[in-house]
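A, B, ... follow the sequence lines: proteins, then strands. Residue 1 opens every chain.
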Amino acid sequence: MPLSMIRTGYKHFILCALAWFSVNANAEQAIIAVASNFTQPMQQLKNTFEQSSEHNIKLSFASSGKLYAQITQGAPYAAFFSADQVKPISLEKLGLAVANTRFSYATGQLVLWSPQNNLSLTPAKLDLTSFNKIAIANPKLAPYGSAAVETLKSLQQYKFTKKNLVYAENIAQTYQYVFTQNAQIGFISASQLSQHKTGSYWLIPQTYHSPILQDAILLKSAQNNQAAIDFLQFIKSTNAKNIIHQFGYKTNGSL
Amino acid sequence: MLELNPADYSAIWLTLKLAAVVTLILLIIGTPLALWLATSRSKITPWIDALVALPLVLPPTVIGFYLLLAMGPNGPIGSISQWFGITSFAFSFTGLVIGSVFYSLPFVVQPIRNAIQAMGKRPLEVAATLGAGPIDRFCTIILPNAKPGFMTAAVLGFAHTIGEFGVILMIGGNIPDETRVVSVQIYDHVESLAYAQAHQLSAIMLVFSFFVLLLVYSLNTRSGKQARVF
(Lines give C-alpha, C1' and ligand atoms only; values in the text may rest on other atoms or scores of the structure.)
Protein backbone atom coordinates (compact mmCIF):
# COMPACT_ATOMS: atom_id res chain seq x y z
CA MET A 1 0.00 0.00 0.00
CA PRO A 2 1.51 3.39 -1.00
CA LEU A 3 2.27 5.74 1.83
CA SER A 4 -0.11 8.41 0.50
CA MET A 5 -3.05 6.02 0.74
CA ILE A 6 -2.26 5.23 4.32
CA ARG A 7 -2.07 8.96 4.99
CA THR A 8 -5.48 9.56 3.39
CA GLY A 9 -6.91 6.64 5.36
CA TYR A 10 -5.53 8.12 8.53
CA LYS A 11 -7.03 11.51 7.67
CA HIS A 12 -10.38 9.89 7.01
CA PHE A 13 -10.24 8.21 10.37
CA ILE A 14 -9.49 11.48 12.15
CA LEU A 15 -12.32 13.20 10.28
CA CYS A 16 -14.76 10.45 11.10
CA ALA A 17 -13.73 10.45 14.75
CA LEU A 18 -14.15 14.24 14.91
CA ALA A 19 -17.55 14.00 13.28
CA TRP A 20 -18.64 11.29 15.73
CA PHE A 21 -17.52 13.29 18.74
CA SER A 22 -19.25 16.44 17.56
CA VAL A 23 -22.54 14.58 17.05
CA ASN A 24 -22.29 13.05 20.51
CA ALA A 25 -21.04 16.17 22.20
CA ASN A 26 -24.44 16.67 23.88
CA ALA A 27 -25.23 12.99 24.27
CA GLU A 28 -25.41 11.78 27.82
CA GLN A 29 -26.11 8.50 29.49
CA ALA A 30 -28.61 7.73 32.23
CA ILE A 31 -29.22 4.55 34.17
CA ILE A 32 -32.91 4.24 35.02
CA ALA A 33 -34.15 2.01 37.85
CA VAL A 34 -37.44 0.34 36.90
CA ALA A 35 -39.87 -1.85 38.87
CA SER A 36 -39.90 -5.31 37.28
CA ASN A 37 -43.65 -5.26 36.59
CA PHE A 38 -42.98 -2.52 34.02
CA THR A 39 -40.15 -4.38 32.22
CA GLN A 40 -41.78 -4.90 28.84
CA PRO A 41 -43.30 -1.47 28.21
CA MET A 42 -40.09 0.15 29.47
CA GLN A 43 -37.93 -1.71 26.98
CA GLN A 44 -40.10 -0.47 24.15
CA LEU A 45 -40.19 3.08 25.60
CA LYS A 46 -36.38 3.08 25.75
CA ASN A 47 -36.07 1.93 22.12
CA THR A 48 -38.55 4.54 20.90
CA PHE A 49 -36.82 7.28 22.89
CA GLU A 50 -33.36 6.39 21.61
CA GLN A 51 -34.52 6.46 17.99
CA SER A 52 -35.28 10.18 18.24
CA SER A 53 -32.61 11.17 20.73
CA GLU A 54 -28.83 11.03 20.89
CA HIS A 55 -28.96 10.13 24.57
CA ASN A 56 -28.29 6.68 25.81
CA ILE A 57 -30.56 4.97 28.36
CA LYS A 58 -29.61 1.93 30.41
CA LEU A 59 -32.27 0.04 32.35
CA SER A 60 -31.94 -1.73 35.67
CA PHE A 61 -34.91 -3.91 36.68
CA ALA A 62 -35.67 -5.18 40.19
CA SER A 63 -38.47 -5.03 42.74
CA SER A 64 -39.25 -1.49 43.93
CA GLY A 65 -38.14 -2.36 47.47
CA LYS A 66 -34.72 -3.53 46.28
CA LEU A 67 -34.24 -0.48 44.03
CA TYR A 68 -35.25 1.79 46.91
CA ALA A 69 -32.64 0.17 49.18
CA GLN A 70 -30.00 0.56 46.46
CA ILE A 71 -30.85 4.23 45.92
CA THR A 72 -30.58 5.03 49.65
CA GLN A 73 -27.13 3.40 49.52
CA GLY A 74 -25.96 5.60 46.66
CA ALA A 75 -26.69 3.48 43.58
CA PRO A 76 -25.84 5.40 40.37
CA TYR A 77 -29.44 5.68 39.10
CA ALA A 78 -30.66 8.83 37.38
CA ALA A 79 -34.39 8.21 37.78
CA PHE A 80 -36.65 5.73 39.56
CA PHE A 81 -39.82 4.17 38.13
CA SER A 82 -41.49 2.59 41.15
CA ALA A 83 -44.42 0.19 41.22
CA ASP A 84 -46.09 2.38 43.83
CA GLN A 85 -46.23 5.94 45.16
CA VAL A 86 -44.87 5.25 48.64
CA LYS A 87 -41.23 4.81 47.72
CA PRO A 88 -40.78 7.85 45.44
CA ILE A 89 -42.52 10.00 48.08
CA SER A 90 -40.20 8.63 50.74
CA LEU A 91 -37.11 9.39 48.57
CA GLU A 92 -38.47 12.91 48.12
CA LYS A 93 -38.71 13.32 51.90
CA LEU A 94 -35.20 11.96 52.40
CA GLY A 95 -33.91 14.59 49.98
CA LEU A 96 -32.56 11.97 47.60
CA ALA A 97 -34.87 13.02 44.76
CA VAL A 98 -35.43 16.33 42.98
CA ALA A 99 -38.51 18.11 44.32
CA ASN A 100 -41.50 18.56 41.97
CA THR A 101 -40.31 15.95 39.46
CA ARG A 102 -42.57 13.15 40.71
CA PHE A 103 -45.46 12.09 38.46
CA SER A 104 -47.67 9.02 37.88
CA TYR A 105 -46.51 7.38 34.67
CA ALA A 106 -49.01 4.52 34.74
CA THR A 107 -52.12 3.30 36.50
CA GLY A 108 -52.41 -0.44 36.89
CA GLN A 109 -55.60 -2.31 36.07
CA LEU A 110 -56.59 -5.23 38.25
CA VAL A 111 -58.03 -8.41 36.71
CA LEU A 112 -59.53 -11.49 38.30
CA TRP A 113 -58.28 -14.41 36.21
CA SER A 114 -58.61 -18.17 35.97
CA PRO A 115 -57.10 -20.33 33.20
CA GLN A 116 -60.35 -22.33 33.26
CA ASN A 117 -62.66 -21.43 30.36
CA ASN A 118 -66.32 -20.37 30.58
CA LEU A 119 -66.34 -19.26 34.21
CA SER A 120 -68.78 -16.50 35.03
CA LEU A 121 -66.77 -13.98 37.02
CA THR A 122 -69.11 -10.99 37.03
CA PRO A 123 -69.83 -9.75 40.57
CA ALA A 124 -73.47 -10.90 40.48
CA LYS A 125 -72.51 -14.53 39.90
CA LEU A 126 -69.11 -14.51 41.57
CA ASP A 127 -68.74 -16.94 44.46
CA LEU A 128 -65.09 -16.90 45.42
CA THR A 129 -65.62 -19.40 48.22
CA SER A 130 -65.90 -22.13 45.59
CA PHE A 131 -62.20 -21.72 44.86
CA ASN A 132 -59.83 -23.59 47.11
CA LYS A 133 -56.88 -21.22 46.69
CA ILE A 134 -57.00 -17.58 45.59
CA ALA A 135 -53.67 -15.98 44.67
CA ILE A 136 -53.04 -12.30 45.37
CA ALA A 137 -49.86 -10.24 45.53
CA ASN A 138 -48.67 -9.56 49.08
CA PRO A 139 -50.80 -6.54 50.10
CA LYS A 140 -47.96 -5.28 52.29
CA LEU A 141 -45.53 -5.10 49.38
CA ALA A 142 -47.50 -4.73 46.15
CA PRO A 143 -50.19 -2.16 45.32
CA TYR A 144 -51.96 -4.82 43.23
CA GLY A 145 -52.22 -6.88 46.41
CA SER A 146 -53.80 -4.12 48.48
CA ALA A 147 -56.15 -3.34 45.57
CA ALA A 148 -57.14 -7.02 45.54
CA VAL A 149 -57.93 -6.93 49.27
CA GLU A 150 -59.97 -3.74 48.77
CA THR A 151 -61.87 -5.42 45.94
CA LEU A 152 -62.64 -8.47 48.10
CA LYS A 153 -63.91 -6.09 50.79
CA SER A 154 -66.03 -4.17 48.24
CA LEU A 155 -67.50 -7.50 47.12
CA GLN A 156 -68.05 -8.36 50.82
CA GLN A 157 -66.17 -11.63 50.30
CA TYR A 158 -62.98 -10.85 52.22
CA LYS A 159 -64.17 -12.44 55.47
CA PHE A 160 -65.10 -15.71 53.75
CA THR A 161 -62.10 -15.95 51.45
CA LYS A 162 -59.34 -14.83 53.83
CA LYS A 163 -58.35 -18.37 54.76
CA ASN A 164 -58.06 -19.35 51.09
CA LEU A 165 -55.74 -16.50 50.12
CA VAL A 166 -52.14 -17.26 49.16
CA TYR A 167 -49.69 -14.40 48.95
CA ALA A 168 -47.13 -14.06 46.17
CA GLU A 169 -44.22 -11.66 46.52
CA ASN A 170 -45.28 -9.72 43.44
CA ILE A 171 -47.71 -9.72 40.54
CA ALA A 172 -45.47 -11.91 38.35
CA GLN A 173 -45.49 -14.66 40.94
CA THR A 174 -49.25 -14.30 41.40
CA TYR A 175 -49.55 -15.08 37.71
CA GLN A 176 -47.24 -18.11 38.15
CA TYR A 177 -49.36 -19.51 40.98
CA VAL A 178 -52.51 -19.38 38.84
CA PHE A 179 -50.82 -20.42 35.58
CA THR A 180 -49.43 -23.61 37.18
CA GLN A 181 -52.92 -24.16 38.68
CA ASN A 182 -51.57 -24.43 42.22
CA ALA A 183 -54.14 -21.67 42.83
CA GLN A 184 -57.43 -21.89 40.94
CA ILE A 185 -57.89 -18.17 40.55
CA GLY A 186 -55.98 -14.96 41.20
CA PHE A 187 -55.84 -11.18 41.01
CA ILE A 188 -53.30 -10.23 38.35
CA SER A 189 -52.66 -7.14 36.25
CA ALA A 190 -54.31 -6.42 32.92
CA SER A 191 -50.84 -6.04 31.42
CA GLN A 192 -50.15 -9.73 32.11
CA LEU A 193 -53.48 -10.78 30.63
CA SER A 194 -52.83 -8.76 27.46
CA GLN A 195 -49.98 -11.17 26.71
CA HIS A 196 -51.85 -14.42 27.37
CA LYS A 197 -55.54 -14.16 26.56
CA THR A 198 -56.79 -17.53 27.80
CA GLY A 199 -59.34 -18.67 30.33
CA SER A 200 -61.90 -16.47 32.04
CA TYR A 201 -61.38 -13.02 33.44
CA TRP A 202 -63.13 -10.01 34.92
CA LEU A 203 -61.60 -6.57 34.41
CA ILE A 204 -62.30 -5.04 37.82
CA PRO A 205 -63.81 -1.55 37.64
CA GLN A 206 -61.68 1.13 39.33
CA THR A 207 -64.59 1.90 41.68
CA TYR A 208 -63.85 -1.31 43.63
CA HIS A 209 -60.43 -0.15 44.85
CA SER A 210 -58.22 2.91 45.12
CA PRO A 211 -56.16 3.57 41.98
CA ILE A 212 -52.93 1.60 41.50
CA LEU A 213 -50.65 4.54 40.82
CA GLN A 214 -47.04 3.98 39.75
CA ASP A 215 -44.79 7.01 40.24
CA ALA A 216 -41.50 8.05 38.67
CA ILE A 217 -39.04 10.60 40.05
CA LEU A 218 -35.74 12.25 39.08
CA LEU A 219 -32.97 11.47 41.55
CA LYS A 220 -30.77 14.13 43.15
CA SER A 221 -27.50 12.77 41.74
CA ALA A 222 -28.87 13.26 38.20
CA GLN A 223 -30.48 16.68 38.57
CA ASN A 224 -28.32 18.00 35.71
CA ASN A 225 -28.35 14.83 33.61
CA GLN A 226 -29.98 15.92 30.34
CA ALA A 227 -30.57 12.28 29.25
CA ALA A 228 -32.67 11.58 32.34
CA ILE A 229 -34.54 14.90 32.14
CA ASP A 230 -35.34 14.36 28.43
CA PHE A 231 -36.41 10.77 29.06
CA LEU A 232 -38.84 11.74 31.85
CA GLN A 233 -40.24 14.44 29.52
CA PHE A 234 -40.65 11.82 26.79
CA ILE A 235 -42.62 9.53 29.16
CA LYS A 236 -45.24 12.31 29.45
CA SER A 237 -45.65 12.55 25.65
CA THR A 238 -48.66 11.18 23.76
CA ASN A 239 -46.36 8.82 21.90
CA ALA A 240 -45.12 7.25 25.15
CA LYS A 241 -48.64 7.11 26.63
CA ASN A 242 -49.81 5.15 23.59
CA ILE A 243 -47.08 2.56 24.20
CA ILE A 244 -48.01 2.34 27.89
CA HIS A 245 -51.68 1.77 26.94
CA GLN A 246 -50.72 -1.04 24.60
CA PHE A 247 -49.32 -2.95 27.56
CA GLY A 248 -52.56 -2.79 29.54
CA TYR A 249 -51.90 0.25 31.74
CA LYS A 250 -53.85 3.48 31.96
CA THR A 251 -52.23 6.90 32.02
CA ASN A 252 -53.36 10.38 33.02
CA GLY A 253 -54.52 10.90 29.47
CA SER A 254 -56.93 7.99 29.60
CA LEU A 255 -58.42 8.49 33.02
CA MET B 1 -33.17 -4.84 73.32
CA LEU B 2 -35.02 -7.22 71.05
CA GLU B 3 -38.41 -5.99 69.94
CA LEU B 4 -39.79 -8.83 67.88
CA ASN B 5 -43.50 -8.79 67.08
CA PRO B 6 -45.78 -11.85 67.33
CA ALA B 7 -45.45 -12.46 63.57
CA ASP B 8 -41.65 -12.63 63.96
CA TYR B 9 -41.91 -15.15 66.80
CA SER B 10 -44.39 -17.21 64.81
CA ALA B 11 -41.97 -17.22 61.84
CA ILE B 12 -39.10 -18.33 64.08
CA TRP B 13 -41.16 -21.16 65.58
CA LEU B 14 -42.33 -22.29 62.12
CA THR B 15 -38.75 -22.27 60.81
CA LEU B 16 -37.47 -24.37 63.71
CA LYS B 17 -40.33 -26.83 63.23
CA LEU B 18 -39.63 -27.11 59.50
CA ALA B 19 -35.89 -27.61 60.05
CA ALA B 20 -36.50 -30.31 62.69
CA VAL B 21 -38.96 -32.28 60.54
CA VAL B 22 -36.75 -32.00 57.45
CA THR B 23 -33.59 -33.06 59.34
CA LEU B 24 -35.35 -36.11 60.73
CA ILE B 25 -36.64 -37.16 57.30
CA LEU B 26 -33.25 -36.50 55.70
CA LEU B 27 -31.40 -38.64 58.25
CA ILE B 28 -33.85 -41.49 57.62
CA ILE B 29 -33.62 -41.41 53.82
CA GLY B 30 -30.10 -39.99 53.58
CA THR B 31 -28.36 -42.69 55.61
CA PRO B 32 -29.13 -45.71 53.34
CA LEU B 33 -28.49 -43.50 50.30
CA ALA B 34 -25.08 -42.40 51.64
CA LEU B 35 -24.24 -45.97 52.61
CA TRP B 36 -25.03 -47.21 49.12
CA LEU B 37 -23.10 -44.35 47.45
CA ALA B 38 -20.07 -44.97 49.68
CA THR B 39 -19.88 -48.72 49.14
CA SER B 40 -21.40 -49.42 45.73
CA ARG B 41 -19.28 -49.81 42.61
CA SER B 42 -22.27 -49.77 40.27
CA LYS B 43 -22.13 -47.84 37.02
CA ILE B 44 -25.11 -45.71 38.06
CA THR B 45 -23.39 -44.46 41.25
CA PRO B 46 -21.99 -41.29 39.60
CA TRP B 47 -25.44 -40.60 38.16
CA ILE B 48 -27.08 -40.75 41.60
CA ASP B 49 -24.18 -38.75 43.05
CA ALA B 50 -24.76 -36.04 40.46
CA LEU B 51 -28.53 -36.04 41.11
CA VAL B 52 -28.04 -35.67 44.87
CA ALA B 53 -25.57 -32.80 44.39
CA LEU B 54 -27.82 -30.89 41.94
CA PRO B 55 -29.29 -28.49 44.56
CA LEU B 56 -25.73 -27.30 45.32
CA VAL B 57 -25.41 -26.01 41.77
CA LEU B 58 -28.94 -25.05 40.67
CA PRO B 59 -30.34 -21.64 41.54
CA PRO B 60 -33.21 -21.97 44.04
CA THR B 61 -35.53 -20.31 41.51
CA VAL B 62 -35.04 -23.29 39.16
CA ILE B 63 -35.83 -25.79 41.90
CA GLY B 64 -38.77 -23.71 43.11
CA PHE B 65 -40.18 -23.27 39.61
CA TYR B 66 -40.03 -27.00 38.81
CA LEU B 67 -41.50 -27.86 42.21
CA LEU B 68 -44.37 -25.46 41.50
CA LEU B 69 -45.01 -27.18 38.17
CA ALA B 70 -44.65 -30.64 39.75
CA MET B 71 -47.11 -29.82 42.55
CA GLY B 72 -49.76 -28.41 40.20
CA PRO B 73 -52.69 -30.68 39.28
CA ASN B 74 -50.93 -31.71 36.05
CA GLY B 75 -47.56 -32.41 37.67
CA PRO B 76 -46.29 -35.75 39.05
CA ILE B 77 -46.50 -34.72 42.72
CA GLY B 78 -49.87 -33.05 42.08
CA SER B 79 -51.37 -36.21 40.57
CA ILE B 80 -50.39 -38.16 43.68
CA SER B 81 -51.70 -35.52 46.08
CA GLN B 82 -55.01 -35.37 44.19
CA TRP B 83 -55.39 -39.06 44.92
CA PHE B 84 -55.57 -38.08 48.58
CA GLY B 85 -58.00 -35.27 47.78
CA ILE B 86 -55.41 -32.48 48.00
CA THR B 87 -55.32 -30.20 44.94
CA SER B 88 -51.77 -29.07 45.53
CA PHE B 89 -49.06 -29.25 48.18
CA ALA B 90 -48.00 -25.71 47.29
CA PHE B 91 -48.77 -23.14 50.00
CA SER B 92 -48.74 -25.81 52.73
CA PHE B 93 -46.28 -26.93 55.39
CA THR B 94 -46.12 -30.34 53.66
CA GLY B 95 -45.08 -28.59 50.45
CA LEU B 96 -42.27 -26.78 52.26
CA VAL B 97 -41.10 -30.09 53.75
CA ILE B 98 -41.00 -31.72 50.29
CA GLY B 99 -39.09 -28.78 48.80
CA SER B 100 -36.65 -28.56 51.72
CA VAL B 101 -35.91 -32.30 51.74
CA PHE B 102 -34.82 -32.07 48.12
CA TYR B 103 -32.96 -28.81 48.62
CA SER B 104 -31.01 -29.87 51.75
CA LEU B 105 -30.36 -33.46 50.62
CA PRO B 106 -26.67 -33.00 49.62
CA PHE B 107 -25.90 -31.32 52.95
CA VAL B 108 -26.92 -34.51 54.77
CA VAL B 109 -25.83 -37.20 52.30
CA GLN B 110 -22.33 -35.89 51.54
CA PRO B 111 -20.92 -35.75 55.13
CA ILE B 112 -22.28 -39.25 55.95
CA ARG B 113 -20.98 -40.61 52.66
CA ASN B 114 -17.53 -39.09 53.23
CA ALA B 115 -17.33 -40.40 56.80
CA ILE B 116 -18.23 -43.94 55.74
CA GLN B 117 -15.75 -43.80 52.88
CA ALA B 118 -12.99 -42.50 55.19
CA MET B 119 -13.61 -45.47 57.51
CA GLY B 120 -12.93 -47.91 54.66
CA LYS B 121 -14.46 -51.29 53.88
CA ARG B 122 -12.03 -53.31 55.95
CA PRO B 123 -13.80 -53.12 59.36
CA LEU B 124 -17.10 -54.10 57.70
CA GLU B 125 -15.52 -57.10 55.96
CA VAL B 126 -13.87 -58.27 59.17
CA ALA B 127 -17.16 -57.96 61.05
CA ALA B 128 -18.92 -59.93 58.30
CA THR B 129 -16.41 -62.80 58.55
CA LEU B 130 -17.03 -62.86 62.30
CA GLY B 131 -20.70 -63.44 61.56
CA ALA B 132 -22.20 -59.97 62.06
CA GLY B 133 -25.38 -59.35 60.05
CA PRO B 134 -26.07 -56.10 58.17
CA ILE B 135 -28.01 -54.43 61.01
CA ASP B 136 -25.38 -55.50 63.54
CA ARG B 137 -22.62 -54.13 61.27
CA PHE B 138 -24.46 -50.84 60.89
CA CYS B 139 -25.04 -50.39 64.63
CA THR B 140 -21.68 -51.57 65.96
CA ILE B 141 -19.27 -50.53 63.17
CA ILE B 142 -20.69 -47.76 60.98
CA LEU B 143 -22.59 -45.65 63.53
CA PRO B 144 -19.75 -45.27 66.07
CA ASN B 145 -17.03 -44.86 63.43
CA ALA B 146 -18.93 -42.38 61.25
CA LYS B 147 -20.45 -40.50 64.20
CA PRO B 148 -18.82 -37.15 63.39
CA GLY B 149 -20.15 -37.48 59.84
CA PHE B 150 -23.70 -38.08 61.11
CA MET B 151 -23.48 -35.15 63.51
CA THR B 152 -22.13 -32.83 60.83
CA ALA B 153 -24.94 -34.02 58.52
CA ALA B 154 -27.64 -33.35 61.11
CA VAL B 155 -26.34 -29.89 62.01
CA LEU B 156 -25.81 -28.85 58.39
CA GLY B 157 -29.17 -30.22 57.24
CA PHE B 158 -30.90 -28.34 60.06
CA ALA B 159 -29.00 -25.09 59.47
CA HIS B 160 -29.37 -25.14 55.71
CA THR B 161 -33.15 -25.60 56.01
CA ILE B 162 -33.28 -22.66 58.46
CA GLY B 163 -31.55 -20.43 55.93
CA GLU B 164 -33.57 -21.53 52.93
CA PHE B 165 -35.25 -18.73 51.02
CA GLY B 166 -35.56 -18.99 47.24
CA VAL B 167 -37.45 -22.28 47.07
CA ILE B 168 -39.85 -21.29 49.86
CA LEU B 169 -40.55 -17.94 48.23
CA MET B 170 -41.55 -19.79 45.05
CA ILE B 171 -43.80 -22.48 46.55
CA GLY B 172 -44.76 -21.10 49.97
CA GLY B 173 -47.44 -18.50 49.38
CA ASN B 174 -46.31 -16.52 52.44
CA ILE B 175 -49.11 -17.74 54.74
CA PRO B 176 -48.67 -16.80 58.43
CA ASP B 177 -48.13 -19.81 60.75
CA GLU B 178 -48.13 -22.15 57.74
CA THR B 179 -45.41 -21.14 55.27
CA ARG B 180 -44.02 -17.76 56.34
CA VAL B 181 -40.57 -18.69 57.62
CA VAL B 182 -37.93 -16.31 59.00
CA SER B 183 -36.14 -15.69 55.69
CA VAL B 184 -39.41 -14.73 54.00
CA GLN B 185 -40.37 -12.54 56.96
CA ILE B 186 -37.02 -10.70 56.63
CA TYR B 187 -37.64 -10.26 52.91
CA ASP B 188 -41.08 -8.79 53.70
CA HIS B 189 -39.55 -6.36 56.20
CA VAL B 190 -36.87 -5.21 53.74
CA GLU B 191 -39.29 -4.83 50.82
CA SER B 192 -41.75 -2.86 52.94
CA LEU B 193 -38.89 -0.60 54.14
CA ALA B 194 -39.16 -1.81 57.77
CA TYR B 195 -35.38 -1.87 58.04
CA ALA B 196 -35.23 -1.86 61.86
CA GLN B 197 -37.30 -5.04 62.07
CA ALA B 198 -35.28 -6.59 59.24
CA HIS B 199 -32.07 -5.85 61.19
CA GLN B 200 -33.37 -7.63 64.30
CA LEU B 201 -34.25 -10.87 62.58
CA SER B 202 -31.19 -10.75 60.32
CA ALA B 203 -28.88 -10.34 63.30
CA ILE B 204 -30.43 -13.42 64.94
CA MET B 205 -29.87 -15.39 61.72
CA LEU B 206 -26.27 -14.19 61.48
CA VAL B 207 -25.37 -15.14 65.05
CA PHE B 208 -27.19 -18.47 64.74
CA SER B 209 -25.41 -19.35 61.48
CA PHE B 210 -22.01 -18.49 62.91
CA PHE B 211 -22.49 -20.68 65.97
CA VAL B 212 -23.80 -23.57 63.86
CA LEU B 213 -20.68 -23.45 61.71
CA LEU B 214 -18.54 -23.15 64.83
CA LEU B 215 -20.23 -26.29 66.15
CA VAL B 216 -19.58 -28.16 62.88
CA TYR B 217 -15.91 -27.26 62.83
CA SER B 218 -15.48 -28.05 66.55
CA LEU B 219 -17.07 -31.46 66.00
CA ASN B 220 -14.68 -32.14 63.14
CA THR B 221 -11.60 -31.02 65.04
CA ARG B 222 -12.47 -33.05 68.13
CA SER B 223 -12.94 -36.20 66.05
CA GLY B 224 -9.17 -36.21 65.45
CA LYS B 225 -9.06 -35.65 61.73
CA GLN B 226 -10.73 -32.95 59.68
CA ALA B 227 -13.76 -34.75 58.28
CA ARG B 228 -14.45 -33.40 54.84
CA VAL B 229 -17.86 -31.81 54.52
CA PHE B 230 -17.87 -31.73 50.72
Is there a donor-acceptor pair closer than 3.5 Å between any side-chain N or O of Q176(A) and the backbone N or O of M170(B)?
no
Does the N182(A) side chain pair with the main chain of G72(B), one donor and one acceptor, at a distance under 3.5 Å?
yes
Heavy-atom pairs under 4.5 Å with chain A, option from L169(B), I175(B), V184(B) with the top count:
L169(B)
Under a 4.5 Å heavy-atom cutoff, which of D188(B), L69(B), N74(B), T179(B) has the most pairs with chain A?
D188(B)
Pairwise distance [atom1]([X]) to [atom2]([Y]) - rounded to 0.5 angstrom:
{"X": "Q173(A)", "Y": "I171(B)", "atom1": "CD", "atom2": "CD1", "result": "10.5 Å"}
{"X": "N174(B)", "Y": "I136(A)", "atom1": "CG", "atom2": "CD1", "result": "10.5 Å"}
{"X": "R180(B)", "Y": "N138(A)", "atom1": "CZ", "atom2": "CG", "result": "7.0 Å"}
{"X": "L68(B)", "Y": "F179(A)", "atom1": "CG", "atom2": "CZ", "result": "10.5 Å"}

Would you find more than 12 non-hydrogen atoms of other residues, nucleotides or ligands less than 6.0 Å from [X] atom [atom1]?
{"X": "Y195(B)", "atom1": "OH", "result": "yes"}
{"X": "Y201(A)", "atom1": "OH", "result": "no"}
{"X": "Q43(A)", "atom1": "CD", "result": "yes"}
{"X": "F131(A)", "atom1": "CZ", "result": "yes"}
{"X": "W13(B)", "atom1": "CH2", "result": "no"}
{"X": "K58(A)", "atom1": "NZ", "result": "no"}
{"X": "F65(B)", "atom1": "CZ", "result": "no"}
{"X": "D127(A)", "atom1": "CG", "result": "yes"}

Where [X] and [Y] come nearest, the two heavy atoms and their spacing:
{"X": "S63(A)", "Y": "Y187(B)", "result": "OG-OH, 4.4 Å"}
{"X": "F91(B)", "Y": "A183(A)", "result": "CE1-N, 4.0 Å"}
{"X": "G173(B)", "Y": "Y177(A)", "result": "N-OH, 3.2 Å"}
{"X": "S192(B)", "Y": "K140(A)", "result": "OG-CE, 3.9 Å"}

Please evaluate residues T87(B) and Q184(A) with respect to the criterion side chain to side chain contact (heavy atoms under 4.5 Å, CB included), reporting the C-alpha separation (whole Å), side-chain torsions for both, the decisive distance (0.1 Å), and the verdict.
CA-CA 9 Å; T87(B) 331; Q184(A) 288 78 43; 3.5 Å; yes
